[in-house]
Amino acid sequence: QKEVEQDPGPLSVPEGAIVSLNCTYSNSAFQYFMWYRQYSRKGPELLMYTYSSGNKEDGRFTAQVDKSSKYISLFIRDSQPSDSATYLCAMSAGITGGGNKLTFGTGTQLKVEL
Amino acid sequence: NAGVMQNPRHLVRRRGQEARLRCSPMKGHSHVYWYRQLPEEGLKFMVYLQKENIIDESGMPKERFSAEFPKEGPSILRIQQVVRGDSAAYFCASSPSTGGTAYFGPGTRLTVT
């Protein structure tokens, strides 16, 4: 079993829809949770960064973390064609002797259609 | 403020040759991480370095792969005697000395023919 599970998609939605992306994990030591967006053949771009459980909102994006269920989500409101990309969840146990080493999900491919 | 820089962006090597991938972290960042992304897979941690020190190389293959982050200059990921299975995108990330979030470079896409 992988430490981080993420549905690979592809997920196709119409423009303006609310998108829900999620990941589950098994390592209870994870405390920091991130969402990255990766366009084709580009590097991952940090979207959201959350510590421990709770919600965080930034513009059209909302990240939720439920540590009791080991489940994290990213919501995108009013989705746009420019949101079409692969979304990667990532998590870490925090700043330790091993630094801020990230464990990634495999990514969910999202396509927002006109 | 320039982001993380990687070069070359694309690298083609024949089996048995050496590949050298370079990474210049963001200004003010002294922590460098290398990740590998195979087709249809997520990013996998390879190695974590600070200036002149390898801190965690638990994700590095035992043979042919090495990494360094000298006092001056970029971090280097070196792959000796490349094989077709080394074909992948290699990403470098950096974070500030106080830790925190990692910012990724554009990657080097290695193709082994």
Side-chain angles (χ1 to χ4, degrees), chain A residues 1-10 21-27 29-52 56 58 63 72 85-109, chain B residues 3-7 9-10 21 23-26 29-51 53-60 67 69 75 88-111:
Chain A
Q1 184 188 4
K2 293 179 181 177
E3 273 192 294
V4 179
E5 298 278 358
Q6 185 175 8
D7 188 335
L21 305 166
N22 53 73
C23 291
T24 59
Y25 62 96
S26 58
N27 187 347
F30 288 146
Q31 296 188 72
Y32 296 84
F33 304 91
M34 286 134 278
W35 286 94
Y36 286 84
R37 178 174 61 195
Q38 186 176 25
Y39 291 111
S40 180
R41 307 188 74 76
K42 302 289 186 184
E45 170 194 7
L46 180 66
L47 280 178
M48 299 289 283
Y49 175 81
T50 311
Y51 170 68
S52 194
K56 185 174 183 179
D58 184 1
I72 70 170
T86 296
Y87 290 79
L88 302 162
C89 64
M91 41 200 84
S92 79
I95 313 304
T96 66
N100 197 9
K101 181 169 69 177
L102 300 177
T103 301
F104 280 85
T106 52
T108 298
Q109 189 178 348
Chain B
V4 178
M5 301 180 70
Q6 290 187 249
N7 66 80
R9 296 292 307 278
H10 301 275
L21 289 62
C23 169
S24 296
M26 288 179 70
H29 288 194
S30 60
H31 295 203
V32 166
Y33 306 80
W34 285 92
Y35 289 80
R36 177 166 64 176
Q37 188 174 38
L38 293 165
E40 308 302 325
E41 294 189 20
L43 285 86
K44 304 291 186 188
F45 168 79
M46 299 181 75
V47 63
Y48 161 49
L49 310 104
Q50 294 180 24
K51 286 284 187 181
N53 284 300
I54 298 174
I55 308 301
D56 182 348
E57 56 182 347
S58 59
M60 289 277 270
F69 189 14
S75 175
Y90 292 83
F91 291 97
C92 167
S94 72
S95 66
S97 57
T98 53
T101 56
Y103 294 88
F104 282 79
T108 294
R109 279 160 182 80
L110 173 65
T111 302

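Please read all numbers here as calculations on a predicted model, not as lab measurements. Just so it is clear: chains get the letters A, B, ... in the order the sequence lines come, proteins before strands, and each one is counted from 1.
Here the CG-CZ distance, from N53(B) to F69(B), works out to 11.0 Å after rounding to the nearest 0.5 Å.
Between F104(A) and Y35(B), the distance from one ring center to the other falls under 6.0 angstrom.
Looking at Q37(B), only its side chain comes within 4.5 Å of chain A, counting heavy atoms on both sides. Looking at E45(A), there are no atoms closer than 4.5 Å to chain B (heavy atoms on both sides), in backbone or side chain. Looking at Y36(A), only its side chain comes within 4.5 Å of chain B, counting heavy atoms on both sides. If you measure heavy-atom distances from L102(A) to chain B, the contacts under 4.5 Å come from both the backbone and the side chain.
Put simply, the side chain of E3(A) never gets that close to the backbone of N27(A): no donor and acceptor are under 3.5 Å apart.
In this structure Y39(A) satisfies the ring-ring contact (aromatic ring centres under 6.0 Å, His included) test with no other residue, sequence neighbours excluded.
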